[in-house]
Amino acid sequence: MADQTSEQLKYELAEVDGRTVRLYPRRPKPPAVIPECWEGAQELVKCRIVPDEEPGDQAAPVAAPSRERVERTVRSLVSRMELPVPTPLVGPDPSVNEWNMAVVGYPLWLWTDDPGSMSSTVTGNGITITINARRGATTFDMGDGGKVVCTQMSAYRASVKPATPSPTCGYVYGWPSLPKGTYAVTASSAWVVDWSALGFEGTIPVTVTASRQLPVGELHAVVVR
């Protein structure tokens, strides 16, 4: 009875395609999402289905699963993968200057410190799935209405000559956020997840998002007579 209560607390039950399935609990929208799995902040039922066999389950393996069943398992597992979070990085960082802010009119370098690819093998429903994920373009929403789409990014180094624009991914603010506040800079990386299992294969797009606050101000020349 204790195990049954634990199961009821952990999962929800629902009727999907004429059968009773377990659903993962509802959750807040995570940084990494499969776009087709979400409507706003609501995760769709098709992506909350728990694979029939998880570690510790005693379910018998199912012979010759259909492509539909394999895809359902893949979608459920991929939707809970932990892909690298693309925290937006800015160079030169405001923390290294005496004003603690980025400056209007000064070229900024944009990048994220995450690997461009990753591979994994996961199992669910008695199915072993090989996954290869690669990052595509990263879109930076700069908080002032401007956006930059970058297929390549270069990390800023201390050896870079001052005021040198990034050769791959950069931005110049035309208006300050200060003194009212900061700009929310959001990086959204589009990942392509290739999967293969039991002779089937496919591709699932995943978007991973992260944000930071960036103070941007103006410098004014002072003439001393």
Side-chain angles (χ1 to χ4, degrees), residues 1-87 112 114-115 117-136 138-139 141 184 186-211:
M1 181 63 69
D3 291 342
Q4 185 178 16
T5 302
S6 175
E7 178 75 6
Q8 289 174 345
L9 291 174
K10 184 177 180 182
Y11 300 117
E12 300 175 32
L13 297 179
E15 290 290 326
V16 177
D17 297 331
R19 67 188 185 96
T20 301
V21 298
R22 297 177 300 170
L23 301 180
Y24 286 110
R26 297 182 187 277
R27 57 178 176 157
K29 196 169 186 177
V33 300
I34 301 175
E36 69 176 71
C37 287
W38 291 81
E39 287 186 357
Q42 189 80 16
E43 187 175 18
L44 302 182
V45 166
K46 68 179 182 179
C47 299
R48 293 174 55 212
I49 297 175
V50 179
D52 292 339
E53 183 181 52
E54 292 190 321
D57 286 348
Q58 301 300 318
V62 178
S66 65
R67 181 181 179 91
E68 179 183 2
R69 181 170 183 173
V70 173
E71 286 184 336
R72 185 166 59 240
T73 300
V74 171
R75 190 165 50 231
S76 178
L77 294 172
V78 169
S79 69
R80 282 158 177 80
M81 281 182 62
E82 292 187 3
L83 290 172
V85 175
T87 301
T112 62
D114 58 315
S117 62
M118 62 177 292
S119 299
S120 179
T121 300
V122 294
T123 300
N125 242 1
I127 303 169
T128 298
I129 304 160
T130 300
I131 293 174
N132 293 296
R134 62 189 187 279
R135 187 191 64 217
T138 297
T139 300
D141 184 328
T186 301
S188 299
S189 292
W191 285 75
V192 176
V193 178
D194 297 320
W195 63 267
S196 61
L198 299 179
F200 301 115
E201 60 183 22
T203 299
I204 297 177
V206 179
T207 302
V208 193
T209 302
S211 299

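In this text the structure is predicted, and so the values were computed from the model without any measurement.
Sparse packing is recorded around CD of E68, with 12 or fewer heavy atoms of other residues, nucleotides or ligands lying under 6.0 Å away. Enclosure of atom CD in E201 is not indicated, since only 12 or fewer non-hydrogen atoms of other residues, nucleotides or ligands lie within 6.0 angstrom.
The two residues L44 and W38 have their closest heavy-atom pair at CG-N, 4.2 Å. Closest heavy-atom contact between A197 and I129: CB-CG1, 3.9 Å. Closest heavy-atom contact between I34 and R75: CD1-O, 3.8 Å. Across all their heavy atoms, G40 and K29 have their closest contact at O-NZ, 3.1 Å. Contact between A187 and P86 at its shortest, heavy atoms only, is CB-O, 3.3 Å. When every heavy atom of S120 is checked against every heavy atom of V122, the shortest pair comes out as OG-CG1, 3.8 Å.
Two residues are said to be in side-chain contact when any heavy atoms from C-beta on lie closer than 4.5 Å; M81 and V206 fail this criterion. Proximity of I49 to L23: side-chain heavy atoms (C-beta onward) are separated by under 4.5 Å at one or more points. When side chains are defined from C-beta on, D194 counts as touching R134, because their heavy atoms get closer than 4.5 Å. Between E71 and V74 the shortest side-chain heavy-atom distance does not fall below 4.5 Å. You'll find the side chain of Y24 reaches within 4.5 Å of the side chain of R80, heavy atoms only.
Going from atom CD1 of I131 over to atom CG of L83 covers 9.0 Å, rounded to the nearest 0.5 Å. Taking CG of D141 as the reference point, atom OG of S211 lies at 8.0 Å (rounded to 0.5 Å). Put simply, CG on D114 and OG1 on T138 are 6.5 Å apart, with the number rounded to the nearest 0.5 Å. The structure places OG1 of T73 at 11.5 Å from CZ of F200, a figure rounded to the nearest 0.5 Å.
Take R26 and apply the side-chain hydrogen bond (donor to acceptor under 3.5 Å, both in side chains) test, not counting sequence neighbours, and it matches no residue. Not a single side-chain hydrogen bond (donor to acceptor under 3.5 Å, both in side chains) links T121 to another residue, sequence neighbours left out.
Judged purely by atom type and a 3.5 angstrom limit, S79 uses its side chain to pair as donor or acceptor with the backbone of S76.
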Next on the checklist: What verdict does the side chain to side chain contact (heavy atoms under 4.5 Å, CB included) test give for K46 and E36, after you've listed the backbone C-alpha separation in whole Å, the side-chain angles of each residue and the deciding distance to 0.1 Å?
Outcome noted: CA-CA 10 Å; K46 68 179 182 179; E36 69 176 71; 3.6 Å; yes
